[in-house]
4 protein chains.
Amino acid sequence: MGNDIDEVVRGAGRPRDPRIEQALLAAVRDLLTEGGYAAVTVAAVADRAGTTKAALYRRWPALPHLIHEAAFPGELAQDLVLGADLATDLTGVVRGTRDTLCSPIGAAALPGLLAEVGAWPDLHAAMMRRFGGVFAALEDRLQKAVRDGDAHSEARADDVLRLAIGAVLAGLLLTPGELDDAWVDRISATLTRSLRP
Amino acid sequence: MGNDIDEVVRGAGRPRDPRIEQALLAAVRDLLTEGGYAAVTVAAVADRAGTTKAALYRRWPALPHLIHEAAFPGELAQDLVLGADLATDLTGVVRGTRDTLCSPIGAAALPGLLAEVGAWPDLHAAMMRRFGGVFAALEDRLQKAVRDGDAHSEARADDVLRLAIGAVLAGLLLTPGELDDAWVDRISATLTRSLRP
Amino acid sequence: MGNDIDEVVRGAGRPRDPRIEQALLAAVRDLLTEGGYAAVTVAAVADRAGTTKAALYRRWPALPHLIHEAAFPGELAQDLVLGADLATDLTGVVRGTRDTLCSPIGAAALPGLLAEVGAWPDLHAAMMRRFGGVFAALEDRLQKAVRDGDAHSEARADDVLRLAIGAVLAGLLLTPGELDDAWVDRISATLTRSLRP
Amino acid sequence: MGNDIDEVVRGAGRPRDPRIEQALLAAVRDLLTEGGYAAVTVAAVADRAGTTKAALYRRWPALPHLIHEAAFPGELAQDLVLGADLATDLTGVVRGTRDTLCSPIGAAALPGLLAEVGAWPDLHAAMMRRFGGVFAALEDRLQKAVRDGDAHSEARADDVLRLAIGAVLAGLLLTPGELDDAWVDRISATLTRSLRP
DNA sequence: CACTAATCGAGACGGTACGTCGCGTCTTGTG
DNA sequence: CACAAGACGCGACGTACCGTCTCGATTAGTG
């Protein structure tokens with residue numbers, strides 16, 4: 001006894017075909033790569049995935065939600081390891097952010113996605129959640145840096161993270177193609193300097 | 001002599017009604033304020049301006065160009081005065097950027113505009129040009145700061161500007177409503193620290 | 001022996017809930033009355049009956065068959081009594097036809113049903129069968145009338161019946177609301193005249 | 001002067017391409033012939049006509065209106081000539097009605113059209129108007145017949161016409177294929193008999 | 001008492017059509 | 001030429017209905 005509700009919820013009706021979900025996500029990634037954001041149409045995605053628009057709308061409230069999930073699956077902090085010296089750790093954050101947002105798929109999806117955020121509050125929340133892990137890790141790391149005397153005591157993780165994300169965003173939207181590894185090093189060094197006590 | 005070309009161009013046929021241009025720009029600003037980016041459709045703009053779509057397309061190659069001009073007229077560096085100490089000047093740059101991009105009209109127009117940039121190279125160029133004056137002024141100021149010993153010698157104006165713009169952009173797109181004056185001060189202070197020799 | 005087949009057919013598996021059949025028929029009649037033919041969708045019928053689409057399709061090959069059975073149950077000649085003089089009997093046929101086809105439910109169902117007849121041969125057959133009893137009775141009556149000298153010898157029951165049905169049909173489809181009792185009397189009189197020797 | 005309104009109405013905007021109207025009507029007729037009522041889809045019609053759905057909706061409020069105009073253009077009484085003896089004239093009415101409603105296109109369109117009549121009051125009115133000429137002519141002819149002693153004085157043109165239309169309708173919807181010339185003669189004779197004084 | 005087989009509810013599935021909207025172009029008549 | 005008006009081709013949108021299917025859970029009769 002106990003989880004009657006769960007059982008009812010799980011058991012009701014024909015279960016969704018899990019392959020359709022994957023096929024739709026893959027179709028979005030294909031179309032983003034081949035034709036950019038404009039090519040990602042509800043009909044085109046469904047077609048490419050070998051299914052129908054209705055199946056798509058059953059899973060996501062609108063196209064941008066699906067695109068978001070397809071372009072930025074999982075947690076951004078996934079392979080972020082903080083533990084070296086502060087400069088190295090900040091480089092990791094900046095590089096990770098750049099790699100994620102500037103990947104072919106990410107770069108194709110992001111501008112359009114950001115434009116739709118205003119119309120879909122839940123989409124906005126979902127995007128913010130992606131940065132949750134990075135923020136927590138960075139906050140911990142910064143507190144340690146303050147204790148170790150590597151950072152001044154007013155340093156704020158949210159400001160640092162927003163500067164990093166913002167730098168990538170501005171680069172991606174305004175001057176794409178200049179965000180090479182040298183740029184990562186320069187921005188990381190700048191952030192490191194800004195934290196000095 | 002002199003402006004033959006102008007005369008030929010101007011002289012042929014009925015001259016354009018200059019009021020239409022202004023009415024269209026005003027209509028875009030009204031619609032942005034009232035209904036956001038989604039409300040700014042060609043038909044709605046022309047209607048609100050009391051004119052027609054054809055008149056609009058005679059003046060701008062496409063809607064985003066008109067929106068750009070309506071939301072961000074003139075040069076961004078317009079009322080930027082650099083000459084005080086470095087911290088104050090940087091605060092001016094950050095505040096000016098925030099004020100421009102986060103004005104009700106700017107905030108409504110920017111996400112959509114950035115999404116369209118990929119499709120209209122000339123629109124991208126036009127947007128970049130807006131920052132030209134700020135960049136030049138900041139570069140001058142930074143060189144002086146290096147000479148004065150206020151900034152380290154590897155400081156780059158483009159990186160600083162991109163960090164400032166990026167910070168505003170990230171704030172606007174991801175956490176709007178948090179970009180108050182205290183935020184401006186914190187970010188400006190951070191940038192100033194990052195420039196210390 | 002005798003009903004082995006019946007027993008085998010009946011015995012296997014869980015028996016059908018007889019209340020569902022009635023609930024579906026009643027649901028169709030409700031929806032026809034409330035919202036007309038367009039309101040009678042498979043999902044709406046199943047919902048209203050408190051059951052599901054699958055249960056419906058287990059009982060009828062398609063929606064029109066169910067609608068037919070709901071709107072025109074049983075034999076049309078049910079309460080047709082022929083035996084008075086010819087004029088009275090013809091009035092009975094015309095009135096009966098009108099009453100059946102022009103009842104609120106019948107009138108709502110008929111136009112749609114007739115449109116579907118082309119797509120469902122078995123539905124066509126089922127509809128024709130409804131008139132079988134009336135036709136047989138009318139044919140008998142007409143033969144007697146010929147013998148009695150009340151009708152000319154070339155009178156054909158099928159033509160008379162088609163004229164009667166057609167008159168109701170044309171009235172229902174083209175000028176509904178005019179098929180009152182006076183109309184029944186006029187049409188009956190006309191048919192009676194046409195049969196005179 | 002005087003028709004300012006007309007001039008304004010006519011002169012405003014780009015005029016409709018008259019070829020599109022014809023192409024759409026022809027497309028409906030083609031599709032009716034080839035695939036029946038079910039094949040007449042908004043998209044299919046527009047496609048076949050080499051135009052778009054929007055152009056169609058600009059001309060007719062809905063598909064049934066277009067189908068009606070395509071299947072039953074002009075006045076039904078077009079080539080109806082009344083003036084011979086009553087029996088011949090009635091045969092002309094019955095035959096004309098049958099020919100119009102039972103033509104391949106008419107037969108394909110009619111059942112569906114009649115089903116939609118309930119949903120579109122204006123469509124109903126348009127269909128009724130088609131019979132206006134026939135009714136007027138028949139009324140005149142009947143009055144003359146009464147004066148000549150060929151018809152009894154209570155004969156009503158509307159009843160006769162409804163009987164004729166109804167006979168064709170019932171034949172078309174219930175027993176198509178039996179409405180040959182012999183049937184026309186039988187029904188006409190029946191109607192003639194029914195009018196005898 | 002298990003076993004079998006059809007039913008029940010719920011709801012996803014592929015397919016197809018709907019009517020609307022926006023874009024950027026075009027074609028008129030009138031200044 | 002510009003201008004108002006509005007039709008044009010194009011293509012996407014989100015919804016609705018159809019008839020089928022796949023589940024897990026009943027609900028009889030049978031072995």
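Just so it is clear, the values below take in all heavy atoms, side chains as well, and ignore hydrogens, waters and symmetry mates.
Summarising the geometry, atom CG belonging to B/Leu114 is positioned 8.0 Å from atom CG belonging to A/Leu114; distances are rounded to the nearest 0.5 Å. For the atom pair C/Glu21 CD and C/Arg16 CZ, the distance stands at 7.5 Å (nearest 0.5 Å).
Not a single side chain to side chain contact (heavy atoms under 4.5 Å, CB included) links D/Ala39 to another residue, sequence neighbours left out.
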Ignoring hydrogens and angles, write down the donor-acceptor pairs under 3.5 Å from the side chains of residues 116-124 of chain D, residues two or more places apart or on other chains.
unit_1	atom_1	unit_2	atom_2	d
D/Asp122	OD1	D/His65	NE2	3.2
D/Asp122	OD2	D/His65	NE2	3.0
D/His124	NE2	C/Leu174	O	2.5

Quick one: side chains of residues 49-64 of chain D, donor-acceptor pairs under 3.5 Å with protein atoms, not counting sequence neighbours, listed by atom name and distance.
unit_1	atom_1	unit_2	atom_2	d
D/Arg59	NH1	D/Ala55	O	3.0
D/Arg59	NH2	D/Asp17	O	3.3
D/Trp60	NE1	D/Glu69	OE1	2.9

Report, one line per pair, each donor and acceptor closer than 3.5 Å where one atom sits in a side chain of residues 29-38 of chain D; sequence neighbours left out.
unit_1	atom_1	unit_2	atom_2	d
D/Arg29	NH1	D/Ala70	O	2.9
D/Thr33	OG1	D/Arg29	O	2.8
D/Glu34	OE1	D/Arg48	NH2	2.9
D/Glu34	OE2	D/Arg48	NH1	3.1

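Judged by distance alone, with hydrogens and angles left aside, the side-chain atoms of D/Thr41 form no donor-acceptor pair with the main-chain N or O of D/Ala44 at under 3.5 Å.
Contact of C/Arg14 with E/dT7 (side chain to base): a donor-acceptor pair of N or O atoms is detected under 3.5 Å.
In this structure, C/Ile20 atom CD1 and E/dG9 atom C1' are separated by 9 Å, rounded to whole Å. Atom CZ in D/Arg19 sits roughly 15 Å away from atom P in E/dC26 (whole-Å rounding).
Between F/dA2 and B/Arg16, a contact under 4.0 Å exists linking OP1 or OP2 to a side-chain N or O.
Nearest-nucleotide positions on DNA chain F place A/Val40 closer to the 5' end than the other of A/Val40 and C/Val42.
For D/Arg19, the CZ atom sits in a loose shell: 12 or fewer heavy atoms of surrounding residues, nucleotides or ligands are nearer than 6.0 Å.
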### Query
Where does DNA chain F pair, written as one dot-bracket string 5' to 3', with Watson-Crick or G-U pairs under 3.5 Å, ( ) inside the strand, [ ] for crossing pairs and | for another strand?
|||||||||||||||||||||||||||||||

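Here E/dA10 is the nucleotide among E/dC8, E/dT28, E/dA10 with the atom lying nearest to any side-chain atom of A/Ala12. Side-chain proximity of C/Asp17 to E/dC8, E/dG14, E/dG19: nearest is E/dC8.
Contacts of residues 45-73 of chain A with DNA chain F (heavy atom under 4.0 Å): A/Lys53, A/Tyr57, A/Leu63.
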